[in-house]
2 protein chains.
Amino acid sequence: MESDSGHLNDLSVVKSVSLTSALEKELERLILTGELEPGERINEIHLSNRFGTSRGPIREATRSLEAKGLVEVVRNRGVFVRRLSVEDAIEIYDVRAALFGQAGRLLAERMTDELLAELTRLVDEMDVVAERGSFDEYYPLNLAFHNLIVSSCGNRTLMAEYHRFVNKLHLFRARALVQGGGLAVSNREHRAMLEALASGDGDRAQMTHWRHVALAKRRLIAAVDGASRID
Amino acid sequence: MESDSGHLNDLSVVKSVSLTSALEKELERLILTGELEPGERINEIHLSNRFGTSRGPIREATRSLEAKGLVEVVRNRGVFVRRLSVEDAIEIYDVRAALFGQAGRLLAERMTDELLAELTRLVDEMDVVAERGSFDEYYPLNLAFHNLIVSSCGNRTLMAEYHRFVNKLHLFRARALVQGGGLAVSNREHRAMLEALASGDGDRAQMTHWRHVALAKRRLIAAVDGASRID
DNA sequence: CACCTTTGTTCTGTTGACAGTTTTCACTCA
DNA sequence: TGAGTGAAAACTGTCAACAGAACAAAGGTG
């Protein structure tokens, strides 16, 4: 209980942002980091004791999280951290592919030299660590690469939606599977995306970006099939 | 006040669905029908009197609507029905195009003869009323056509997101503009989509569906430019 | 021994009240 | 007349309490 006081302080300090939204952020963090596990029930009383507030703001925060798809509310039973099935995860990949493809198209049409250099640098770095097979180093670079593309596409709505869905994938119980697949293979797709972005061809950029996620989805399906055959 | 009792009854009858979600649905309806206008403030006390509840459930409902992007919450000042700028609407069109394109691709890969017949029937009907220039008849057919495609694509996540964004466009102040553009022109695009769906070619279906929304976006921009030049 | 009933506990759903902030509006003074 | 001022009204933020549903454990019955 004491170990959480660090976050508690943050909550009480920022009175200007309303308790509810601070609680919402904190709960979202707890969910996305896995401190609150998928399927787990969120006890309003426990939380209100833990954060030193009443149940009201907590209820409001959870309603918000429900609309965002992070928790599920069952009447008279409580709110539960949402658990994503394989089918849900696969569906999200389709949505993500569509959004990412659109981001690629938009970015291709407003590309700058600086951005291209930065993206190229990231891909080069990924090549290096991919050769070493170091997933722990590859992962943050990969994340930064995708984020930079989506954040630079010039469409804030699209960006917000994309991040919402990437976040939701954290609720997937077999989350390790989404990170599977060959590093080198994935980075070869990154290069194709880079070239399309550099060419300024929107159609081509959309296609390469879309396909990158579509292939990741296929790798996920393959991994799931493999895992289920073992089970 | 009395004129709303019809909806009030619905609220009180369905005790099994929790007051909050019933209120949320009702508020969403009020917003989307324009009974609560964009920019208008939502008064918690008025609403609680109107619906005969306390403020708690109303606050929870509005938090949910905030997460859905229908209202905006300002601390100590209240919640306001969200107002969409032209830029917001245009951004939404990009997201919608991406999602609709993806729906087209998915549908092309699982097309049935019955569905194709139904879609063809709708397009044929639209041709008839388009020739008459009857927008009031065209609009529901057009809506049904798009909904049928998205609902049949087999991805419920995608469907829900698509509808969420189409709903959000109701908050666009110059909403009439989104419905502009030639009826016949739009229906010619529908035919191209139909052919792609019938061919079972996912790439082609995605492209035609994406382009249909992209062209609608272009028509919107043109309409906005025209309108602003008049102002 | 298994199953149903009952009772007590825990938790959510909802409410009404209080505190603090924003807004309104009448009043004063230049 | 009009800008500034200060009190009052209105409203939101938060809380504590009550009512009722779901759940778990103990006891009774075939």
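Proteins come first, then strands; the chains are lettered A, B, ... in the order of their sequence lines, and each starts at number 1.
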| Value in whole Å for how far the C1' atom of C:dT14 lies from CD of B:Glu44 | 15 Å
| Under 4.0 angstrom between B:Arg75 side-chain N/O and D:dT14 OP1 or OP2 | yes
| query | Is any side-chain N of the basic residue among B:Arg121 and B:Glu118 closer than 4.0 Å to the acidic one's carboxylate O? | reply | yes
| query | Taking CD1 from B:Ile45 and C1' from C:dT15, how many angstroms apart are they, rounded to a whole number? | reply | 14 Å
| message | Could you tell me how far apart A:Arg55 (CZ) and C:dA17 (P) are, to the nearest whole angstrom? | response | 19 Å
| remark: Looking only at C:dG13, D:dT12, C:dT15, the nucleotide nearest the B:Thr53 side chain is C:dT15
| remark: Closest of D:dC15, C:dC11, D:dG13 to the A:Ser54 side chain is D:dC15
| query | Do any N or O atoms from the side chain of B:His146 and from the backbone of B:Asn142 form a donor-acceptor pair under 3.5 angstrom? | reply | yes
| field | Atom pair distance, as rounded to whole Å: CZ in B:Phe51 and P in C:dT14 | value | 14 Å
| B:Glu40 CD to D:dC11 P: how many Å, rounded? | 13 Å
| task | Kindly say whether, by distance alone, the side chain of A:Arg77 makes a donor-acceptor pair under 3.5 Å with the base of C:dG13? | result | no
| query | If you look at every strand shown and take non-hydrogen atoms under 4.0 Å, does A:Gly56 touch a base, only sugar-phosphate, or nothing? | reply | nothing
| task | Report yes if at least one side-chain N or O of B:Arg41 is closer than 4.0 Å to OP1 or OP2 of D:dT12; otherwise report no. | result | yes
| query | Is the closest basic N to carboxylate O distance between A:Arg219 and A:Glu189 below 4.0 Å? | reply | yes
| task | Give the nucleotide from the list C:dC11, C:dT14, D:dT14 with an atom nearest to the side chain of B:Glu60. | result | C:dT14
| said: In whole Å, I'd like the distance from the CG atom of B:Asn43 to the P atom of C:dT24. | reply: 13 Å
| Would A:Gln102 and A:Trp210 count as having a side-chain donor-acceptor pair, cut-off 3.5 Å? | no
| A:Asn76 side-chain N/O to D:dC23 phosphate OP1/OP2 under 4.0 Å | no
| said: Counting the atoms with a prime plus P, OP1 and OP2 as sugar-phosphate, which does B:Ile42 contact under 4.0 Å by heavy atoms, base, sugar-phosphate, or nothing? | reply: sugar-phosphate
| field | For atom CG of A:Leu47 and atom P of D:dC15, their distance in whole Å | value | 14 Å
| Rounded to whole angstroms, how far apart are CZ on A:Arg59 and C1' on D:dA16? | 15 Å
| message | If the threshold is 4.0 Å, N to carboxylate O, is there a salt bridge linking A:Glu37 and A:Arg173? | response | no
